[in-house]
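Written out below as structure tokens is the structure these notes cover.
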Number of protein chains: 2
Amino acid sequence: MAGTVSDKQGSAATRNTIQRALVLEAVRSLHDHPTSADVYEAVRRTYPNISRATVYRNLGVLANRGDVLRVEVPNGADRYDFFNEPHYHAKCRVCGRIVDVDMPYESDIASKVSDAHGFAIEGHEIIFDGVCPACQKAGA
Amino acid sequence: MAGTVSDKQGSAATRNTIQRALVLEAVRSLHDHPTSADVYEAVRRTYPNISRATVYRNLGVLANRGDVLRVEVPNGADRYDFFNEPHYHAKCRVCGRIVDVDMPYESDIASKVSDAHGFAIEGHEIIFDGVCPACQKAGA
DNA sequence: TTATCTGCAAATACTTTGCAGGTTT
DNA sequence: AAACCTGCAAAGTATTTGCAGATAA
């Protein structure tokens, strides 16, 4: 690539702080779509004085950068994911757990929309609703 | 503990209260995916003493009954819709407005999922992300 | 040096819940 | 009468923000 990493294009400069590195590391090590609370607890184990605000702010910075993927969950805390490629999610209606689903990502899905009332569609998310294996067993 | 309740099939009996009727009427008359706050304001115009808690509780009852459709929006208040048939939604990333999109509802979409880690899929929602016409004009 | 970042606390946004009294059936 | 419902206030959950001091570059 001819582009440089220092091409900030008008966005504010970002620093490399211990806290930010720890937040990124935590998201990478927690493979189960951690919430901000999960990340906070994980970072606290090695850096007890970090504040929730710092975790929230850094998750925001990292998501904007594309270093992590933010999964916005209806009626639940946002989840974070180490970004590989776009994919869809399923949420357990009993325990709230989020899992990735293996289904082709339809990048041209907007072409199926015949009328969005003038909306300029820029992205989409599909969230499946169901019951996870653990809750199936518990409820049976 | 059988035999105490008549024919309610396990669900609690529901009453017809003025508040519940007004909440349903408000959702039917507000055609723009009202939030609970919108419904609260609408009902208050004719019934000033209703409380937010009653509005929330009744929206829940009506959604469980299937009389209204609850649209759970990531990072925003839930929206309510008079139920016709399942459909998808788009959310403006600037102002948060929700609109219906005109796209075929894929009731068999779960057949496209090759692996959901044992999830029993029961439903799905697609939320498009974009910019509404008003915000396009305002931002241009 | 200085703009960014941090921790703390307070604030915000949305929703639920405990309680005591009122209403529907 | 019994079960359900209501209003109020308080609590709960998730996230953001103002501020003053700390720190990366």
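Chain letters run A, B, ... following the sequence lines, proteins first and then strands; every chain starts at 1. Note that the structure is a prediction, hence the values are computed from the model and not measured.
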Lys/Arg N to Asp/Glu carboxylate O, A/Glu25 vs A/Arg20, below 4.0 Å: no
Under 3.5 Å, is there a donor-acceptor pair linking the side chains of B/Asp100 and B/His33? yes
Whole angstrom value for the distance that separates [atom2] of [N] from [atom1] of [X]:
X: B/Asn49; N: C/dT23; atom1: CG; atom2: P; result: 12 Å
X: A/Ile18; N: C/dC5; atom1: CD1; atom2: C1'; result: 12 Å
X: B/Arg70; N: C/dT16; atom1: CZ; atom2: C1'; result: 12 Å
X: A/Tyr40; N: D/dT13; atom1: OH; atom2: P; result: 15 Å
X: B/Arg52; N: D/dG7; atom1: CZ; atom2: P; result: 13 Å
X: B/Glu72; N: C/dT15; atom1: CD; atom2: P; result: 10 Å
X: B/Leu59; N: C/dC14; atom1: CG; atom2: P; result: 14 Å
X: A/Arg20; N: D/dA22; atom1: CZ; atom2: C1'; result: 15 Å

Considering every strand and a 4.0 Å limit on heavy-atom distances, what is the contact class for [X]: base, sugar-phosphate, or nothing?
X: B/Arg57; result: base
X: A/Tyr47; result: sugar-phosphate
X: B/Asp78; result: sugar-phosphate
X: B/Ala53; result: base
X: A/Asn75; result: nothing
X: B/Ser36; result: sugar-phosphate

At less than 4.0 Å, is any side-chain N or O atom of [X] found next to OP1 or OP2 of [N]? Yes or no.
X: B/Gln19; N: D/dG7; result: yes
X: A/Thr17; N: D/dT23; result: no
X: B/Asn58; N: D/dT6; result: yes
X: B/Ser51; N: D/dC8; result: no
X: A/Tyr56; N: D/dT15; result: yes

CD/A/Glu106 to NZ/A/Lys112 distance, rounded to the nearest 0.5 angstrom?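 Spacing of CD (A/Glu106) from NZ (A/Lys112) equals 4.0 Å.
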Check: B/His117 main-chain N/O paired with B/Asp115 side-chain donor or acceptor under 3.5 Å: yes
Heavy atoms only: give me the nearest B/Glu72-B/Ile127 pair and the separation to one decimal. O-CD1, 3.9 Å
